[in-house]
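A short write-up of the structure that comes next.
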Amino acid sequence: MKEVFGVPVSSGIAIGCAFLFTGNEIPDIPHYLIKKSQIEDEWGKFVRATETVAAKIRLHLKNTEQAIHKEQSDILKAHLMMVEDIDLHEQIQAHLQTKLENVEWAVRSVSHEMTQKLLGAKDALLRERAVDIADISHEILNELLSIHEISLSDLSEDVIVVAHDLLPSQAITADKKHVKALVCEAGGKTSHVAILARSFEIPAIMGVSNATREIHNGDLLIVNSESGAVIINPDEKELKKHRSAILGLEKHHQKDLALSALPAETKDGIRFSLNANIELPSDVDKLEPYGAEGIGLFRTEFLFLAAIGATGEETQYDAYSTVIKAMNGAPVKIRTCDAGGDKILPEFFPVEEKNPLLGWRAIRFSLAMPEVFKAQLRAILRAGVHGNAEIIFPLVSGIEELDKALALLEEAKEQCRQNGDPIAENIKVGVMIEVPSAALTADILIKKVDFFSIGTNDLVQYSLAVDRGNEKVSYLASPTHPAILRLIKMTIEKAHQAGKKVSLCGEMAASPFFTPLLIGLGLDEFSMHPSAIPRVKSIIRNCLSDDCKKLAQRALKRQSGEEVNKLLEKFSSAHLMYCEELISSTVL
Ligand code: PEP
Ligand code: MG
């Protein structure tokens with residue numbers, strides 16, 4: 001028996017067998033010169049690899065034609081044409097003959113050149129073709145290098161996934177029925193994989209250094225997110241102890257659920273909206289027991305990540321309509337695709353960026369892909385007639401981006417009208433405040449929109465220069481840093497001066513520890529993973545708004561995040577004594 005420790009990011013306890021996942025490692029592509037006499041051999045390798053890739057695509061098409069959307073099968077057909085494209089074959093042959101480099105390098109170079117050319121095209125449709133080239137060259141390279149990617153989507157038994165790191169795209173496509181917990185060496189509390197683990201309601205521990213060295217495939221593990229421990233091959237005593245702890249957690253859970261019908265109201269009658277963050281339409285089925293009043297954040301990029309080709313307007317219209325109808329008139333804040341950063345959609349990001357978090361992300365990606373963006377906006381506008389949809393633009397850094405996004409929204413509306421499609425004409429529009437420049441120009445931005453939604457996960461990342469997925473610097477990622485408190489305060493003040501509301505949908509909203517402070521700062525709405533709602537609600541119900549205001553005033557005078565945290569701890573023990581267990585037992 002052995003124990004390793006990390007940072008718990010999604011609560012719960014699980015017992016199960018380890019499955020070591022290594023599918024995330026990018027292979028090094030060999031690069032060497034060949035002799036003229038080797039050209040024929042290298043060319044033969046290329047021809048065989050493309051034949052295998054083409055055969056695989058044909059088989060996939062044959063087996064799944066009925067089950068997949070038309071858009072997906074169109075993509076597969078387009079890929080098939082490209083793999084067999086004479087122009088690609090001629091370019092590879094020319095590269096082998098003129099540059100005398102190995103075939104893997106020839107594939108890499110030719111596809112890189114082709115994608116760069118396409119990305120520079122004026123026509124958005126041509127730019128989008130770059131994605132397909134990158135996709136098929138990846139397949140051909142895998143074949144040439146004999147790499148067979150393991151997927152988490154076709155597991156046949158219950159496992160605890162152990163990995164160095166996971167991509168959000170790998171997590172979202174994982175077989176949730178069989179993944180019982182997650183242990184990663186990388187990642188932090190606000191990383192997107194942590195967010196997904198909470199959404200799947202599975203325990204997860206990140207920042208477990210050496211996890212992939214200490215843990216072997218098939219080891220029996222206890223993942224205890226209450227203590228941050230992963231116990232490897234536990235003895236009978238530990239197993240018994242943890243089995244009874246699992247029953248204890250279930251009792252707590254039942255107590256939480258009893259709160260669901262009560263209003264989120266302070267002792268002196270100030271009412272707050274507690275909404276849910278969701279990643280996929282099916283998440284709405286889990287909301288009811290927790291008492292979510294609306295959807296405060298629908299992270300639509302996960303629709304794109306979950307299924308290649310789910311980018312079409314009709315697929316999105318169905319997804320948004322499902323959520324909007326299920327919410328029965330309650331507000332549904334739909335955030336436009338926040339791709340990029342760590343949420344790479346292979347079909348749109350053929351070229352790796354040096355600084356993806358500062359690069360082609362979120363609204364920047366949407367503005368560069370106007371056809372993709374307008375298709376999403378049309379889908380939201382049309383689905384909006386089924387209830388109460390709102391739109392949020394992510395990662396806006398200034399008024400120019402907002403103006404462009406709003407102009408494209410008008411174009412999307414006009415296209416719908418011309419098509420005769422009924423739409424939510426007066427749909428509300430908001431901006432995510434997640435970049436310091438947005439918070440600092442809140443007074444300018446608020447004039448053009450109906451509300452703000454503060455994304456503290458990114459606001460902390462960009463204000464404090466802390467990569468939210470890097471466990472080595474996660475100790476710096478404090479939402480109570482004075483800079484963050486000032487930016488939140490400024491954002492709320494500017495919105496209120498304009499008579500508009502502010503929601504907070506970063507992970508800070510999910511932690512009962514911060515609830516009194518956020519009430520005191522004047523926040524109107526909280527949005528969080530649904531299972532956190534009862535705990536935040538019970539804190540709100542035990543607070544007096546005046547106490548919270550005084551707390552916020554004091555917090556704003558503190559000099560460091562640590563000092564603010566001490567103040568919050570003191571406040572909890574003085575005012576929320578019976579909630580202390582609840583606050584300390586919360587992962588975030
Ligand atoms: C945030 O940045 O706080 C946020 C809610 O957006 P995401 O976590 O999806 O980046
Ligand atoms: Mg964000």
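For ligands, and for the atoms within them, numbers begin at 1 and follow the listed sequence. For clarity, every value in this text was computed on a predicted model and none was experimentally measured. For this chain, numbers begin at 1 and follow the sequence in order.
Of all the heavy atoms of L297, the ones lying under 4.0 Å from any atom of ligand 1 belong exclusively to the side chain. Counting heavy atoms under 4.0 Å from ligand 1, residue E507 does not touch it at all. Under 4.0 angstrom from ligand 1, the non-hydrogen atoms of K343 all belong to its side chain.
Atoms of ligand 1 lying under 4.0 Å from at least one heavy atom of I195, given by number and element, are 8 (O). Within the listing of ligand 1, atoms 2 (O), 7 (P), 8 (O), 10 (O) sit less than 4.0 angstrom from a heavy atom of R468. For ligand 1 and E434, the ligand atoms under 4.0 Å from any heavy atom of the residue are 1 (C), 2 (O), 4 (C), 6 (O). If you number the atoms of ligand 1 from 1 as listed, the ones under 4.0 Å from a heavy atom of C505 come out as 5 (C). Against a heavy-atom cut-off of under 4.0 Å, M432 is close to the following atoms of ligand 1: 4 (C), 5 (C), 6 (O).
The protein non-hydrogen atom at the shortest distance from atom 6 (O) of ligand 1 is R335 NH1, 2.9 Å. The protein non-hydrogen atom at the shortest distance from atom 7 (P) of ligand 1 is H192 NE2, 3.4 Å.
A salt bridge links E525 and K333; the closest N-O separation between the charged side-chain nitrogens and carboxylate oxygens is under 4.0 Å. Of the charged side-chain nitrogens involved, none lies within less than 4.0 Å of a carboxylate oxygen, so that K537 and E265 do not count as a salt-bridged pair.
The residue from I433, V502, N275, I392 that alone fulfils the side-chain contact (heavy atoms from CB on, under 4.5 Å) condition with S453 is I392. Considering I270, T515, I519 as possible partners of C548, the one that fulfils the side-chain contact (heavy atoms from CB on, under 4.5 Å) test is I519. Screening L166, D165, T212 against F21 for a side-chain contact (heavy atoms from CB on, under 4.5 Å) leaves a single residue, L166.
For the pair A442 and F452, the tightest heavy-atom approach, listed with the atom from each and the gap, is O-CZ, 3.4 Å. Closest approach of H386 and Y317 over heavy atoms only: NE2-OH, 2.8 Å. Scanning all heavy atoms of the two residues, the minimum distance from S11 to S225 falls at CA-CB, 3.7 Å.
The Mg ion (ligand 2) lies at 2.8 Å or more from every N, O or S atom belonging to D338.
Taking only nitrogen or oxygen atoms, main chain and side chain alike, D458 reaches within less than 3.5 Å of ligand 1.
Around atom CD of E288, no more than 12 heavy atoms belonging to other residues, nucleotides or ligands sit under 6.0 Å away.
Closest N/O/S atom of D458 to the Mg ion (ligand 2): OD2. Within E434, the N, O or S atom lying nearest to the Mg ion (ligand 2) carries the name OE1.
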